[in-house]
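Contents: one structure, followed by commentary.
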Amino acid sequence: MLILQCPCCGVMADETELAAGGEAHLKRFGPGSSDDDFESYLFNRVNPKGVHFERWRHAYGCGKWFHAARCTATLEVFGTYSAQVTEPPQEIRDKISARRPGWRWREFG
Amino acid sequence: MSTRLTGFGRLIDRSKPLRFTFDGKWMRGHPGDTLASALLANDQMLVGRSFKYHRPRGIVASGAEEPNALVNLGKGGRFEPNQRATTTELFEGLRAESQNRWPSLDFDIGSVNTYLARFLPAGFYYKMFIHPRPFWKHVYEPFIRQSAGLGRAPKDRDGDTYEHFHTHADVLVIGGGVAGLQAAKAAADTGARVFVLEQTAHWGGRAPVDARDEDRIAGQGAADWVAATVAELEAMPNVTLRLRCMGAGVYDHGYVLAYERLRDHAPDATGPRHRLWRIRAKQIISATGAIERPLSFAGNDIPGVMLASAVRDYVVNYAVSPGDRTVIATNNDDAYLTAIVLKKAGLDVPRIVDARAQGGGALMEAAKALGIRVDTGRAIAKVKGGKRVTKVQICAQAGEGGVLDEIACDAVAMSGGWSPVVHLWSHCGGKLFWDDAQAMFRPDAAHPPTGADGQGFVTCAGAASGALDMAHVLEDAHAAGLAAGKAAGGKAKRTKAPETTARADAPIEPVWLMPQGAKVELRTKTWLDFQNDVKVSDVQLAAQEGFESVEHAKRYTTLGMATDQGKLSNINGLAILSDALGQPIPQTGTTTFRPPYTPISMGAIGGEARGVVFQPIRRTPIHGWHEAHGADWEPVGQWRRPYAFPRKGESVHDAVMREVKNTREALGLLDASTLGKLIVKGPDAGKFLDMLYTNMMSTLPVGKCRYGLMCTENGFLTDDGVVARIDEDTFLCHTTTGGADRIHAHMEEWLQTEWWDWKVYVANVTEQFAQVAVVGPNARKVLEKLGGMDVRAEALPFMAWADGRIGDFDARVYRISFSGELSYEIAVRASQGLAFWEALMEAGAEFGAMPYGTEALHIMRAEKGFIMIGDETDGTVIPQDLGLDWAISKKKADYIGKRGQERAHMTDPGRWKLVGLETVDGSVLPDGAYAVGEGLNANGQRVTIGRVTSTYFSPTLGRGIAMGLVKHGPDRMGEVIDFPGTDGKTYRAKIVDPVFHDKEGAKQNV
Amino acid sequence: MKRYSAFAIAREALRHHSGWDRAWASPEPKKKYDAIIIGAGGHGLATAYYLGKNHGIRNVAILEKGWLGGGNTGRNTTIIRSNYLQDPSAAIYEKSRSLYEDLSQDLNYNVMFSPRGVMMLAQTQHEIRGYKRTAHANALQGVATEFIGPEKVKELCPIINIDGPRYPVLGALWQPRGGTARHDAVAWGYARACSDMGMHVIQKCEVTGIRRDGGKVVGVDTTRGAIDCDKLGIVVAGHSGVLADMAGFRLPVESLCLQALVSEPIKPCMDVVVMANTVHGYMSQSDKGEMVIGGGTDGFNNYTQRGSFHHIEETVRALIETFPMISRLKMLRQWGGIVDMTGDRSPILSKTPVEGIFLNCGWGTGGFKAIPGSGWGFAELMATGHSALCAEFSLDRFRAGRFIDESVAAGVAH
Amino acid sequence: MSDPVSALNRAAFTGIAQIAETGLQGMITLRGDLASAVVIKAATAAAGTDMPARGEAKIKGEHGLCWMSPDEVLVLCPHAEVAMTIAAMEQVLAGEHALVVNVSDARAVFRVSGPLAREVLSKLAPVDLAPQAFRPGMMRRTKLAQVPAAFWMEDDRTFRIVCFRSVAQYVFDLLKVSAQEGSEVGVF
């Protein structure tokens, strides 16, 4: 039963107040994009066993979307941050590097 | 026999008698008794039958670990199977009934299984009942099902209520024994918010029973210290104490389920029966104590063989003697306490059989001093008896079971050592290590379950962490409490654990089998799991057959899968398995611990959500009127919409036909309040809607309406509705009933996560308005009669909207039609919705006003060939399939779904497309029927070329009409295709234009 | 290998069952196999079994990082049905169901397939239409189902509350030959049969890497050394993404936690399997007498096999409404399993970008019922490069937008 | 002119706490840049209270401002004054990118009062309602059992709860169950 702090309203939100939104930092591909790009945008997922970046909506609260960095193997939460960014902010990256030495970073977007 | 003693009985109130029945027989007990202690007091040792062999079963334990004493309790709406007698507090009039026996507990047909035992070893059913095939379902399985199962199935609806409760704690202490209380005290002193939960009705745990005479805590006797500490905690504002409240499960991020039994001991009191606590704790201390292990010797399942600690509990707590002559068997010092207690109670202890060559420490001397004979290096070869122990045979522990001596007795008290209750520690991933010296699995403090911050959030304290004597328990608990308090943000205080007396006990000597070299004849009579009938020989067979993983062995033998979840059997079974595999116990490892610690009621899990509050029902402002006028309801999401308004003696179908005809010929009123209404406002609103809808919305003139389609990014049609432009930068978007919240969320998602720089605000005003569709040739007449705004075609043409007044009401009127008739959809404030509806009904009476429901709505839209989201669409249909290309802008570079619709499969000319369908004989096509083509596909299935999406009897046309998706449909007008029905008939239908009625649209545009 | 039968049991009984051999051998890995299957769950073992039985490929190893059958095979609610809407699903699930009918005899291992019948309740007009559509489709697919009315529902399952105030039962889609089987036995039976064919079931052997030569697979690295192979089948429900990552490609898959629970055992009171999708819950009674209840799936990626409790609450309160009698039963045990969900919630049985690597995953919440059919088709695909049963479940369908969406009829995925 | 009616027409119940639907309350959703002076002026002028900070509710009788989200406040005023108030707000906001919309009739309002009010709500909401954690002046949007709701405290023993009008009956029934006799918890 996760508990995440909504960065928009500051509430420590119970999982039952939240709606999960899947993998974060996906780049949208529209008309004119290649089949490869469009397929991976819509379907292909990192689905890592470990550090994961995901979208949440504070559905039963302020209604805002936000991002969370979370370990899917331990459920440790490295932090939550704004939905209006295309990749994790530095302080989140630093926290992860500190907690998961040797974590292999990928390209975003 | 077992009887009530004159001395002891610290928990019972002898001054008050209570009456209860067991298998219909009246018995007596006292307040403070458990059902188990009361049964023993009435010499009822035989309480049930085992699962597989239907062997006689007696009470073994005194608490949550009891595997045998399960009863059917209560009657009617209060009936409950599998109630554990040892944790059921006695109350006046309690009705208990033994389980898993027929016709009676004493004479049970099923007990023939016990004579077939050697033919029914572990996993026998995997090896037999294979031939002939049909016999499994029809012969073998029914027999097995009948003899399996335990309690009776309840029949009546539950007569009680339940509730949940949310709370937050800095430190949650689970277990109200000495360790829990001391830990709570230490934590509370740091200023932390502390909760203490105790599953029984009493504080103190085992201490009041197990404390030795010389034991002192801070100078007091154990019981006094407990009372004093509880009083102290109760006085602290930051501490909450709960009895009869069990820590059931520990979940991620400090979430704990606690199960409070409020009325089980007082069923007639008002209020909820159980309360399920959902606790968020920063730190959790599991002070859950330890459970004594049985010893594995032949006949250890015969009624009268009990845990030594349980025997102590019954004497000291309830003044009940399990037997007159009790033989003690042990491999550690604790069982000597039992011997001493029994002796003090004036009962006979003919022998203490201690497997250890050297025997015990100070307690052994004390026992000897009381004149009890102690045989060391000895074991029980076999217990004799049927429904009750009659004698035990003694042998050398080192040998194979050669009988040296025989002792008549009616009870055996056994102690194989202690197993810390590590369930709560393990639920969320806490690791264990094997402690050879104490022969137990203990929590590995270096690998605790970790929380949201990646740090440990559970600590075990006292016996639960493996500290067995009082001094260690108190120090361990004190340290745990302090650490937890600090970790939860409390202020560290320099406090110390109370002083207590040290002990001189001899070490335990692991004994996993008695005697060590027991021959197969003995091992097949030596039980590990009393309820599921798993014996030493079964686990050894599993190992022999390659079920080497502990999980395999458990599943193959069902060891530990009974209702006690192996609280008594797991470690012993593990040891036997390890021995059979010739590997150390830690290498074998344990099975996974799963919540709950002991079973919790489904009622409590469901909480308040039953009856009227099972799920929300959403009501429009006019809901009550519909109810009063006999609406036949249809659930649509959480709403209920009138399906039709049948009159007295009228069938629902006839009502629907009437409603359609009346609307087409006179005047129909529809409560359209559930339709979604979303305000979209801002300089970029038009641009935003152009991305959301397939068609162009930014060009919609102010004052006009336009029908629009929304797709998912996959290209599939997801919602539709009419958009009205309110002013230059404000639009009002109508969605389907089911779409309101979904589309609102959809809009917010794109605005917040993709186009966050666009200047657009959205608000869901669905419930601000009651919306009524006034439909039919007389629609304008009724509005003009009510008076107010100009509703003539010139002033308010088709697909326009206007604000104004209708009669007494401020209204917004939309000239839109989903029926093909002259139609006004009128929105008024919800607080006036009912009044407005009633005004329309009254004024409309002379024009034949009648309400109509969703089915009439569906038929009328189908007659006009309008699609319905959820009928013509199913999540795999794109607008192009439905001939809606006119509503897809060719000019726009992009809209949500456009790219998806460009994929190979979406542009495939072979896609099924929307057409109208007319049966050649005028009958109604079956719902969901498929049209068949030639031959079979690669998997031997009939080839299909289309399907029915909506089908109705049209009262307007007097025949069946349908819409469907058909391969190349639009190019095959006039063709007749076949729809095989599930009724054996084949329905033939002609492909026609989907618009069946008023093709020119003359009627709606007047 | 000793055949199992009542006579064998009787014979062994006389000597205290000392004569039974291991159900499956525990060999050391060889240097090379013709084919390696990663994952000794039901699907992996069934694949190996049919590789040997149908295609004569017996030089096969099945590698399991834990203990065989320890994943979702041993964690599901054992429901077997084939009343699916879409042709490709109906084909493979019906193939599977029909194989279950004879599986005990085929494997000489009692997997306790019990065709007690499966019903899916219709509790809204929408569901009625959806299930009628499915019934029509099934009739053309050769799947025996029928849409029955509320009275028949009550007759088949007396403990159902058919006129529940909130969602009265309006009918049901009924598949008389659907049912349940003993999940562990399915894995054990296949493992025993594979071992008997000389295949190597190697437990406690985790794959740590996949070795390629250019675009082709040549073997795997494991915790028990490197092993070569010509063909590699990845059959690791829940962990497919992790293995695909080793092989160097991404999947349209997310790993989520699905939960289930059982009540304490009671005497027989329910002889059919009931699924109530409007309220999200399904229930059957095991031979032991436990009510076996399937819960919901968490919305977030999770590899812990620990789910969120509110899903259990939702399922239980829904079932109390449908079966009021369970309110006074007790939950004995709850657990979770990691399922992999694809973009259309249907499985993937496919070749991959790497030559020689085949992928069997994405069974979501519906894998157990598919074990024999999946093994049958996947073995054919691995052996011959084509299988009609698998064709539509290829990995490239997402790119083309050619979904196999089972949720369309009445919102029932699996 | 027919009088506007609230969802439950002031239904009431007394158990371990007092439950009452309080009738129609004027409510206006204001979305905009809450840091903008114009938006602040429009809001504070309409409600006659200060601008609430994140998570706050500034209440003065029937007037008040509730912080709903980073770009939304809920303006409270008497039901009869809504039209007038909106007009005034729109005047102030002219030219500003903001949304003002009347949601008074889309909502139902309840009062739960008495010494055990905190317990009644704690049975339904996954929120820490201990006195040290939730006090008058605070605003919380969450869920009550299965529906969204928001609440604040008028005083230390009185909650104001706002939910959607369509589920008013459900919420009222829920509160009745939670306040049933004999269900005291005794933690606060």
Side-chain angles (χ1 to χ4, degrees), chain B residues 80-82 118-119 121 124-130 133 137 141 144-145 148-154 157-158 251-252 520 541 545-546 549 551-552 555 563 594-595 599-603 605-606 609-610 614-615 634-635 874-876 903-906 927-930 938-939 941-942 944 982, chain C residues 4 6 9 13 16-17 20 22-24 67 70 87 91 104-105 109-110 114-115 124-126 129 132-133 135-137 139-141 166 184-185 264-269 287-289 306 309 313 316-317 320-321 324-335 388 400-403 405 408:
Chain B
E80 181 161 17
N82 302 327
R118 73 165 30 194
F119 299 97
F124 73 96
Y125 32 72
Y126 300 117
K127 296 181 178 138
M128 53 203 289
F129 308 133
I130 295 174
R133 192 183 97 183
K137 171 73 176 84
E141 189 184 39
I144 288 177
R145 283 171 85 86
L150 286 172
R152 270 192 289 120
R157 185 174 282 273
D158 194 335
Y251 299 81
D252 289 288
V520 67
L541 176 61
E545 294 190 82
S549 142
E551 282 289 348
H552 279 157
R555 288 154 179 261
T563 61
R594 298 285 185 189
I600 63 177
S601 69
M602 299 283 184
I605 294 168
R610 54 178 59 218
F614 162 58
Q615 268 183 18
E634 168 181 20
D874 66 1
T876 65
R903 285 174 298 177
H905 183 63
M906 304 297 187
D927 236 320
Y930 278 77
N939 289 312
Q941 302 166 317
R942 282 294 296 277
T944 54
T982 47
Chain C
Y4 290 161
I9 293 229
H16 294 291
H17 303 278
W20 296 113
R22 301 178 58 98
W24 48 80
W67 40 283
D87 286 351
S104 297
Q105 294 73 29
Y109 202 91
N110 186 1
S114 174
T124 66
Q125 295 295 330
H126 182 65
R129 285 195 297 274
K132 284 186 173 170
R133 178 180 166 188
H136 279 99
L140 302 171
Q141 294 155 340
R166 191 69 173 85
D184 293 325
E264 294 182 323
I266 51 171
K267 290 296 176 188
C269 63
D287 288 344
K288 271 193 81 182
R306 297 190 302 265
F309 192 74
E313 286 175 4
V316 166
R317 71 182 179 226
I320 289 174
E321 192 71 7
M325 53 87 66
I326 72 165
S327 179
R328 288 187 91 89
L329 299 184
K330 299 188 220 70
M331 174 173 79
L332 176 60
R333 185 170 70 255
Q334 68 165 104
W335 65 93
R402 202 185 68 250
F403 292 174
D405 189 340
V408 303

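Letters go in sequence order (proteins before strands), and every chain restarts at 1.
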Can you tell me how far the [atom1] atom of [X] sits from the [atom2] atom of [Y], to the nearest 0.5 Å?
{"X": "B/Y125", "Y": "C/D287", "atom1": "OH", "atom2": "CG", "result": "9.5 Å"}
{"X": "C/D184", "Y": "B/R555", "atom1": "CG", "atom2": "CZ", "result": "4.5 Å"}
{"X": "B/H552", "Y": "B/E545", "atom1": "NE2", "atom2": "CD", "result": "13.0 Å"}

> Quick one: what part of C/I320 sits under 4.5 Å from any heavy atom of chain B, side chain, backbone, both or neither?
Replying inline: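 When you check distances to chain B, only side chain atoms of C/I320 fall under 4.5 Å.
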Would you mind telling me which of [options] has the largest number of heavy-atom pairs within less than 4.5 Å of chain C?
{"options": "B/R942, B/E141, B/R145, B/K137", "answer": "B/R145"}
{"options": "B/M906, B/R610, B/E551", "answer": "B/E551"}
{"options": "B/A904, B/S549, B/A938", "answer": "B/S549"}
{"options": "B/G606, B/P599, B/A148, B/A153", "answer": "B/P599"}
{"options": "B/E634, B/R133, B/R157", "answer": "B/R133"}
{"options": "B/K127, B/R594, B/R903", "answer": "B/K127"}

> Is there side-chain contact between C/D87 and B/T944, with at least one heavy-atom pair below 4.5 Å?
Replying inline: yes
> Can you find a heavy atom in the side chain of C/V316 that is under 4.5 Å from one in the side chain of C/M331?
Replying inline: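 Result no, sub-4.5 Å side-chain heavy-atom pair not found.
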Tell me, for [X] versus chain C, whether the close heavy atoms (under 4.5 Å) come from the side chain, the backbone, both or neither.
{"X": "B/D927", "value": "both"}
{"X": "B/Q615", "value": "both"}
{"X": "B/T982", "value": "both"}
{"X": "B/R152", "value": "backbone"}
{"X": "B/F124", "value": "both"}
{"X": "B/L541", "value": "side chain"}

>> Using 30° and 60° as the class boundaries, would you call the ring planes of C/Y109 and B/Y126 parallel, tilted or perpendicular?
In response: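 Because their plane-to-plane angle is under 30°, the rings of C/Y109 and B/Y126 count as parallel.
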>> I'd like to know if the side chain of C/K330 reaches the main chain of B/P81, judged simply by a donor and an acceptor atom lying under 3.5 Å from each other, with no hydrogens or angles considered.
In response: yes
> Ion pair present between C/E313 and C/R317, side-chain N to carboxylate O less than 4.0 angstrom?
Replying inline: no
